[in-house]
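Chain identifiers are assigned alphabetically (A, B, ...) following the order of the sequence lines, protein sequences preceding nucleic acid strands; residue numbering begins at 1 within each chain.
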Amino acid sequence: MICSGVSVSVNVWSMLVNGFFRSGEPRKAVDLFNKMGCSPNLVTYTSLIKGFMDYGMVDEAFSVVRIVQSKGLAADIVLVNVMIHTFTRLGRFEEARNVFLHSLKKGADQYTFATILSSLCLSRDFDLGITIGTETELDLVMGNSLMNYLCKVGNTLAALKVFRNMSNRDLALDCYTYTGFLTALCQGEAYGHALNMYDEIVKRKGIRIDAHFHTVMIDSLVELGEYGSAMRLFNRCVLEKRELDVVSYTVAIKGLVRGRRMEEACSLLEKMKDDGVMPNARTYRTVISGLCGEKDKDRLRKVLRECIEEGVELDPNTKFKVVSLLSRYTRDCSEFRSVFEKWRENVGVSDSYDELAVSAG
DNA sequence: GTAGGGTTAG
């Protein structure tokens, strides 16, 4: 269209800018924006803000926000939703909440509620002082988000009610929905029923089940202290070649640690690597604090060696436990002396705050 | 039928 001189509307330019961001070519999106043959509008700016945020280009995103403001363009509902999402991703929950409260007066929709519910969960500040979206008819994503929120605040019955509501409608329930359902059942002390439902959902045709779904069931059993049952389910998932990821293995390891089965926990740590799933800092933390708890110095040294070899950085808490245990035995920690030195140097600097920070995507 | 937005775990 451009080469043949056909006039390209602002709609088409906006679609192209958005499309290049979404297909992983932010450079082209920006080039095209700069070459637009007409002036951009709110839709174009919204695509830019979202696009920049998706690539972690926070300053660029906010420079577009300032352009919108300086042009006196009023944000519509889509931009409002993008801004709630943007502030949330940056951990700026207060601002997300303010934008949301402002949007209530002008008509929030399902996207708004899904976003703010997730924001509240992330901020761990569940008290918004208002009820959310009771006037709005649930759609799939908002329903999923609401169930998740209700489970987190401990309102299990309300979560189950949302599930029933969703089931009675013409919604194509998905992985998120069933995961929320199982979480609620386990929280409601109906884990036997949850296990039956789990089996039934896995057998059902046409539902894509992901690692998250299996992991939630396994983790719920672990949290209920049903370690044997949790491990049977995990092993069954392995045998049946279900999709499992690093979180699934870590949750299973947590079950073994809680059940004080450290030998098996260490074997599973090895097995996951054989299965092609690389342990991360959280996995090592689970095993290592378990070994510290059991004062199992020999296994601890072996696992710590691997952790260091693989370049996985532990959290400050776990480092402290390791040093407390091993430094009492000079002979046992000689091989780690330089590593411990480095840990001491870093105390109090950035990495201590990592756990407080919220991922910017 | 005609641009842009949303939900999950250890």
Listed nucleotide nearest any side-chain atom of A:T179, set B:dT8, B:dT7, B:dG6
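Among B:dT8, B:dT7, B:dG6, the one nearest the side chain of A:T179 is B:dT8.
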
Set of side-chain hydrogen bond (donor to acceptor under 3.5 Å, both in side chains) partners for A:N235, sequence neighbours left out:
none

Round to a whole Å and report the spacing from CG of A:L314 to P of B:dG10.
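In whole Å, B:dG10 P and A:L314 CG are 19 Å from each other.
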
Side-chain-base donor-acceptor pair under 3.5 Å for A:D109 and B:dG6
no

Tell me, please, which residues at least two apart from A:D31 pass salt bridge (Lys or Arg N to Asp or Glu O under 4.0 Å).
A:R27

Looking for any heavy atom pair under 4.0 Å, which part of the strands does [X] touch: base, sugar-phosphate only, or nothing?
X: A:T215; result: base
X: A:L42; result: base
X: A:H212; result: base

Strictly below 4.0 Å, heavy-atom distances to any atom of DNA chain B: list the hits from residues 216-226 of chain A, or just say none.
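When residues 216-226 of chain A is checked for heavy atoms under 4.0 Å from DNA chain B, the hits, listed by number, are A:D219.
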
Please list residues of residues 244-263 of chain A whose heavy atoms come under 4.0 Å from any atom in DNA chain B, ordered by number; otherwise none.
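Listed by number, they are A:D245, A:V246, A:V247, A:T250, A:V251, A:K254.
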
Side-chain polar contacts of residues 14-22 of chain A - donor-acceptor pairs under 3.5 angstrom, sequence neighbours left out - could you list them?
unit_1 : atom_1 : unit_2 : atom_2 : d
A:S14  : OG     : A:V10  : O      : 2.9
A:S14  : OG     : A:T44  : OG1    : 2.9

Who passes side-chain contact (heavy atoms from CB on, under 4.5 Å) against A:R261, sequence neighbours left out?
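Counting only residues at least two positions away or on another chain, A:R261 forms a side-chain contact (heavy atoms from CB on, under 4.5 Å) with A:M231, A:L256, A:E264.
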
Just N and O in the side chain of A:H85: are any of them under 4.0 Å from OP1 or OP2 of B:dT7?
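For A:H85, the contact criterion (side-chain N or O under 4.0 Å from OP1 or OP2 of B:dT7) is met.
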
Show the nearest heavy-atom pair for residues A:G290 and A:M262, with the distance to one decimal.
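Reported closest heavy-atom pair: C-CE, 3.9 Å.
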
Residue pair A:R169, A:N165: steps toward the side chain to side chain donor-acceptor pair (under 3.5 Å) verdict
CA-CA 7 Å; A:R169 303 247 311 282; A:N165 175 338; 3.2 Å; yes

When the ring planes of A:Y198 and A:F213 are compared, do they come out parallel, tilted or perpendicular, using 30° and 60° as the limits?
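Geometry flag for A:F213 against A:Y198: parallel rings.
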
Should we count CD of A:E263 as having more than 12 external heavy atoms under 6.0 Å?
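Atom CD in A:E263 is not crowded, with 12 or fewer foreign heavy atoms closer than 6.0 Å.
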
